[in-house]
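First comes the structure, then the notes that go with it.
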Amino acid sequence: MQTLEPYLAEHPFLKGLDPRHLNIIVGCASNVSFDAEQYILHEGEEAASFYIIHKGKVALEIFTSDRGPITIQTIGEGDVLGWSWLIPPYHWHYDARAIEPTSAIALDAKCLRAKCEEDHDLGYELLKRFAHVITQRLEATRLQLLDVYGVH
Amino acid sequence: MKSFITEPMIPKPFRIHRKLKETHDTYTIELESTNGADGFPFSAGQFNMLYVFGVGEVPISISSDPSMPKMLKHTARSVGAVTKALLKLKSGDVLGVRGPFGSRWPVEEAVGNDVVIVAGGIGLAPMRPVLYSFISHRDKYGKIILLYGARTPEDLLYKRELEQWRGRFDLEVKVIVDSATGNWRGNVGVVTTLIPRIQFDPLHTMAMICGPEVMMRYTLKELQSRGIKNENIFISMERNMKCGICLCGHCQFGPKFVCKDGPVFCYDQIKELFGKREI
Amino acid sequence: MNIAILENDHLQTLIDVLRKRGYQVIGPTLGEGAIVYDDLNSTANLPIGWTDEQDGGIYRLKKRNDKALFGYNVGPHSWKKYLLPSELRLWKIKRNGGSFQIVTENEAARKFAFVGVRSCDIHAILIQDKVFMNGQYIDQHYTSQRKDTFIVAVNCGKAGGTCFCVSMNTGPKATFGFDLAMTEIIEGKNHYFLVETGTELGAEIFREIPHKEASEKEKCAADDVLKKTAEQMGRSMDTANIKNLFYRNYEHPRWNNVAERCLTCANCTMVCPTCFCTTVEDVTDLTGEHAERWRKLDSCFTMDFSYIHGGSVRASTKSRYRHWITHKLATWIDQFGTSGCVGCGRCITWCPVAIDITEEVHAIRESETVIGKQKTVVKEDVHANT
């Protein structure tokens, strides 16, 4: 556990967090790794944790019956994977597949939700940071929707 | 009796040496002069007016190496009547060329700096001469980073060269597509999302952007948030160029003429106009 | 200044001398229900005794109660009809084995003598000179026509309902850019022109025409006429800091207002003596062996004008009107160091819905003054409370 703290403290997603809050988060964290092609999470499954990517590359996919899995976004080092753990009913909305060997820090969702309920300051701080990530993803998605390179 | 028409208004015949298929709708045509001239000096960023016999003319940026003026290359996408006719021509056919026109990328000015090139779609074509120049004088520059966004993996231009560039240790090349099916191992998303992932010295970095206006708008925001100053950001604008020599009025962008003052502009000089609607 | 008197009866001699020297003499004449420019072989072709009534969207010919030769203002034509023809073949091309060969047009430039050029139109010609002859590339056709153009200016004896040359500093008196300038004087039975020479060539030609020196009193007659004309201006425009006025107001509700009226018919650009935009058209014959390229006058009011693949940059009426007026009054100054408007009023007269460039400027300027005043009031209130 002690080894995770300095890394998390410097991670862009958690940088500048109150040490007390960081300590709580570290208490819910564990190291995980995935092989290339390994699915990290599947649509519909319970969102039991979220991941701070340390190294590697992960594809977010939607499976379509006619075209197979379509990658809608790739994320990598410095990114955060998953926010469905924050919002009821806590089920994943996409598939996530490691496309390179990927190491990450998993944060236990139940543990963190409980801590956030106990300490709303922590909850608010985390929500602000997730809101930022969600906004960026939404903006990127909107630009993708524009199909700017297509012939119109 | 002198001709009424200025020399730059008269297309010169060039023969298609080779035609390369880049994607399902985009080709690169390689041109050589029919009268064995000494070549066609141009600067990275400039464009030519290409004339298809009886059909019309279209402005296309030059995408070849400025240090090899005997072989002109243009990459064009089949979207309008003229480009469709242009790309139906075969090797050995002759087309007309007027140019080169317009401003250039700040290749010289970037010496000693890091360089971030952000290209979107067909916007990689006018950036290729820049990359050739950087690579042949590699030691004069700091980091050289190319971020390239396209619609799908199938829409990527210059795939072989991209692979070569990516294989070099002295270039950082990141490619991203808007959507992909399962067998694509690269990045998926918007080209702007690559910007936070690269490292450069913001105070000594020149950025060059070429792509659709909306893509350039969001790219600008990301580059600015990384601390690159407006006077070190260059963008390439597109307008309806007809004459190429600042006489027909078509390519106006506020007080600027894209054919003469552009297509490459320093962002600082057009920041009041860029992003305004329907200018 | 050397001012001479040319009797009305001797004006024909001027035309004859010009023709003898190889000039195609062009001047105002009645046609198409208006006063238009056409060949002028005789003073009888001039609209003698006619005048025009002009206002927003209104142009009407009327009889005068004298025999004035130039007693009207500018009509729908301007001299760009000759210097920047609406259609010009640039070259012909033919297939030649596997290649092609271009045949350029080698006609001799025509020598034009323009008679009856108003001061505003001289300014317009000089503005187009800057566009076509002053840049990195010059327009060879325009330049060859312009080189031999002989200009006989006529100072305006009255102002039209849509004139505002005084605001634009372009009239009513021609002060430069002419070979000869005339002021028409009718006093009872006396009908003569006070003639000023502007160039050596003008003086040389004038020497071939019977004339006499003007007395001091007669010289003053011209000034009196022009003073009266200046006071009659149908319109006015406040041009103070006009460039920045437009640069500040790219987003202004007035553009929506004008867009509700504008038909994007392009009349204003066609009648404007400075509008210079052209397009090219490529045509081919049925065999496909020969093709031609034509240059044609174009207008920024069409959708095609700003078309790039995917659509027009300026798709809305609002953006097209804004582009036109902003070009005329603001961006032109950055591009060519001069306003693109000479105050001739043609765009007002020939607009089918009477959109008035002076009124649009006024509306935008006025809106700023109102906002400015409100700000001042607020400031004063703050002071009152402290």
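Convention: sequence-line order gives letters A, B, ...; per-chain numbering from 1.
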(request) Count the heavy-atom pairs under 4.5 Å between each of C:Ile102, C:Val313, C:Thr284 and chain B, then report the option with the highest count. (result) C:Val313

(request) Write down the atom of B:Gly254, the atom of C:Tyr250, and the distance for their closest heavy-atom approach. (result) CA-OH, 4.0 Å

(request) Examine whether an atom of C:His327 lies under 4.5 Å from a heavy atom of chain B, and if so say whether it belongs to the side chain, the backbone or both; otherwise answer neither. (result) side chain

(message) Taking CG in C:Asn241 as the centre, count heavy atoms belonging to other residues, nucleotides or ligands within less than 6.0 Å. Is the count above 12?
(response) no

(message) So for B:Phe101, is it side chain, backbone, both, or neither that comes closer than 4.5 Å to the heavy atoms of chain C?
(response) side chain

(message) Which atoms of B:Val52 are under 4.5 Å from chain C, going by heavy atoms: the side chain, the backbone, both sets, or neither?
(response) neither

(request) Can you tell which part of B:Arg15 gets under 4.5 Å to a heavy atom of chain C, answering side chain, backbone, both or neither? (result) side chain

(message) For C:Cys277, is there any backbone N or O sitting under 3.5 Å from a side-chain donor or acceptor partner on B:His250?
(response) no

(message) Can you give me the closest heavy-atom contact between C:Glu289 and B:Phe53, atom names plus distance?
(response) O-CZ, 3.3 Å

(request) First locate atom SG of B:Cys259, then atom CD of C:Gln136, and finally report the distance between them rounded to the nearest 0.5 Å. (result) 9.0 Å

(message) Whether B:Glu57 and C:Arg293 form a salt bridge (side-chain N of Lys/Arg under 4.0 Å from carboxylate O of Asp/Glu) is what I want to check.
(response) yes

(request) Quick one: pull up SG in B:Cys248 and CG in C:Leu297 and give me the separation to the nearest 0.5 Å. (result) 12.0 Å

(request) For B:Asn240 and C:Phe305, indicate whether the former's side chain and the latter's backbone hold a donor-acceptor pair under 3.5 Å. (result) yes

(request) Please look at C:Phe336 and chain B and tell me whether the side chain, the backbone, both or neither of the residue comes under 4.5 angstrom of a heavy atom of that chain. (result) side chain

(request) Sort B:Glu272 into side chain, backbone, both or neither according to what part of it lies under 4.5 angstrom from a heavy atom of chain C. (result) neither

(request) Report the option among C:Ile93, C:Asp334, C:Val131, C:Thr143 that has the most heavy-atom pairs separated by less than 4.5 Å from atoms of chain B. (result) C:Ile93

(message) More than 12 heavy atoms of other residues, nucleotides or ligands under 6.0 Å from NZ of B:Lys12: yes or no?
(response) no

(request) May I ask you to check whether over 12 heavy atoms, not counting those of B:Lys276, lie within 6.0 Å of atom NZ? (result) yes

(request) Quick one: pull up CG in C:Asp139 and CD1 in B:Ile245 and give me the separation to the nearest 0.5 Å. (result) 7.5 Å

(request) Check whether C:Lys296 gets within reach of chain B through its side chain, its backbone, both or neither, counting any heavy atom under 4.5 Å. (result) neither

(request) Check each atom of C:Ala330 against the heavy atoms of chain B and say whether the ones under 4.5 Å are side chain, backbone, both or neither. (result) neither

(request) Check whether B:Ile279 gets within reach of chain C through its side chain, its backbone, both or neither, counting any heavy atom under 4.5 Å. (result) both

(request) Return the option, out of C:Thr279, C:Val283, C:Val280, C:Ile333, with the maximum number of heavy-atom pairs under 4.5 Å with chain B. (result) C:Thr279

(message) Strictly distance-based, threshold 3.5 Å: is any side-chain N or O of C:Trp91 a donor or acceptor partner for the main-chain N or O of B:Pro11?
(response) no

(message) Please classify the contact between C:Asp298 and chain B as side chain, backbone, both or neither, with a heavy-atom cut-off of under 4.5 Å.
(response) side chain

(message) Please classify the contact of C:Gln128 with chain B as side chain, backbone, both or neither, using a heavy-atom distance under 4.5 Å.
(response) neither

(request) Verify whether the ring centers belonging to B:Phe257 and C:Trp332 lie closer than 6.0 Å. (result) no

(message) I'd like to know whether CZ of B:Arg277 has more than 12 heavy-atom contacts from other residues, nucleotides or ligands below 6.0 angstrom.
(response) no

(request) Using non-hydrogen atoms and a 4.5 Å limit, figure out which bit of C:Glu251 sits close to chain B: side chain, backbone, both or neither. (result) side chain

(request) Output the option from B:Arg239, B:Lys242, B:Arg77 having the highest count of non-hydrogen pairs under 4.5 Å with chain C. (result) B:Arg239

(message) Looking at every non-hydrogen atom in both residues, tell me the closest pair between B:Tyr51 and C:Ala291 and how far apart they are.
(response) OH-CB, 3.9 Å

(request) Test C:Gln335 against every option in B:Lys256, B:Gln252, B:Lys260 by the side-chain hydrogen bond (donor to acceptor under 3.5 Å, both in side chains) rule and name the one that passes. (result) B:Gln252

(message) Is it true that, when you exclude B:Lys271 itself, more than 12 heavy atoms of the residues, nucleotides or ligands shown sit nearer than 6.0 Å to its NZ?
(response) yes

(request) Would you check if the side chain of B:Glu278 reaches a backbone N or O of C:Arg320 as a donor-acceptor pair within less than 3.5 Å? (result) no

(message) Would you say that C:Tyr142 contacts B:Leu247 through its side chain, given a criterion of any heavy-atom pair below 4.5 Å between the two side chains?
(response) no

